[in-house]
Number of protein chains: 2
Amino acid sequence: MDVQTAEDRALDAAEDLFYRRGVHAVGMDDIRDTSRVSLKRLYQLFPNKERLVTAFLQRRDVRWRGGLTDHVARVEDPRERLLAVFDWLRTWFVDPDYRGCAWINCFGELGATSPAVAEEVRTHKEGFRRLLRDLSAAAGYDDDLAEQLLILAEGAIVTAAITGDPAAAHQARAAAGKLLG
Amino acid sequence: MDVQTAEDRALDAAEDLFYRRGVHAVGMDDIRDTSRVSLKRLYQLFPNKERLVTAFLQRRDVRWRGGLTDHVARVEDPRERLLAVFDWLRTWFVDPDYRGCAWINCFGELGATSPAVAEEVRTHKEGFRRLLRDLSAAAGYDDDLAEQLLILAEGAIVTAAITGDPAAAHQARAAAGKLLG
DNA sequence: TGACACTGAGAACTGACGTTCTCTACCTTA
DNA sequence: TAAGGTAGAGAACGTCAGTTCTCAGTGTCA
């Protein structure tokens, strides 16, 4: 039944709590209570809270990009594939637990004080950019278009989070369609 | 020489420090040291830290929208006026002190725990949306276009903050130009 | 069996920080 | 001048949260 390692349980708790409430609002005690991993073990796995934060961002990055990659791979046409990115965003926005981009949120909260977190955020966004560039290139578009789609995606993520309205995905998709010509 | 009120000085310090380092990273002691307003007076002016945060966001909102409004007002052609929004964003991004959108940052940090701050952020974004709708309508475009420009602007703001590269304003402007046809 | 390493639960430590209190000095006004 | 209100400086308070420590229990291996 419970074959997860203590590390997995700790990261699950970290991801759930940090994303939902923000990093400062969650104490290591909360992580312990939710993960049922003792503080002693937590500090063996992650030497401090900052490392737990970066570890959760790293693991989430793998899942996030994987989910997006899998979704667009189901679409044949290269141009439609680019638009499918915004369909995937929409499925994310309608999640009742959606609270914006974990990396943007962490950047706003810790970017100025934690170089490690700031670096993690840049790494994630760079990965997203690379993904869009690859999709764009495959559809015969240049890097400028990929950059503009990235801006649209980021804008939709932020707008959907603040307004609570998933319609931002639809608007971004429509704008992307116009950019694709 | 120093005709500023204690409230002005407190808000100046709050704006500078909260924006630069984030809210949690700045203590009321720091506000006192920077503003030279005693803690006693600070707490007379703002009953708690949260109210100081919302007050700084409110005052910044007035200045921010005012600066944008003034900038685009200098452009005659209604269509060019919409594009001038992105020129104005660029002048903001090149500021060495640029650290993204204060409201988005505060939303990521406090949105989940402070309803008052979350409301302040929504108010600001709603004001920005209204501004873009008015500009769009004056140029003969509909609300959908305004919404797409809003998404582009938000995306540029976030991307410029994380990458540190003001080029996001240029890309967003180019995309906006294509949307305007 | 017995020494030993490791674990969990939780107490304890430590510093930070939001908030309040104390005390003295100054200004205003009758 | 006297009285009272207000301000400033900073100490003090209480809580919280990151981190470490204690101690008893348990499994492992010679």
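Bear in mind that the values here come from a model prediction, so they are computed numbers and not experimental data. Proteins get letters first, then strands, A, B, ... in listed order; numbering begins at 1 in each.
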Side chains of [X] and [Y], heavy atoms from C-beta outward: is any pair under 4.5 Å?
X         : Y         : result
Thr163(B) : Arg129(A) : yes
His124(B) : Trp64(B)  : yes
Lys125(A) : Glu154(A) : yes
Leu82(B)  : Tyr141(B) : yes

Side chains of Gln171(A) and Glu147(B): do they bring a donor and an acceptor to under 3.5 Å? no
Classify the side-chain pair Ser114(B)/Glu50(B) by whether it contains a donor and acceptor separated by less than 3.5 Å. yes
Using 0.5 Å steps for rounding, measure from the CG atom of Leu83(B) to the CG atom of Leu149(B). 8.0 Å
What residues from residues 34-53 of chain B pass a heavy-atom cutoff of under 4.0 Å to DNA chain C? Leu39(B), Lys40(B), Tyr43(B), Asn48(B), Lys49(B)
Residues within residues 10-32 of chain B bordering DNA chain D, heavy-atom distance below 4.0 Å: none
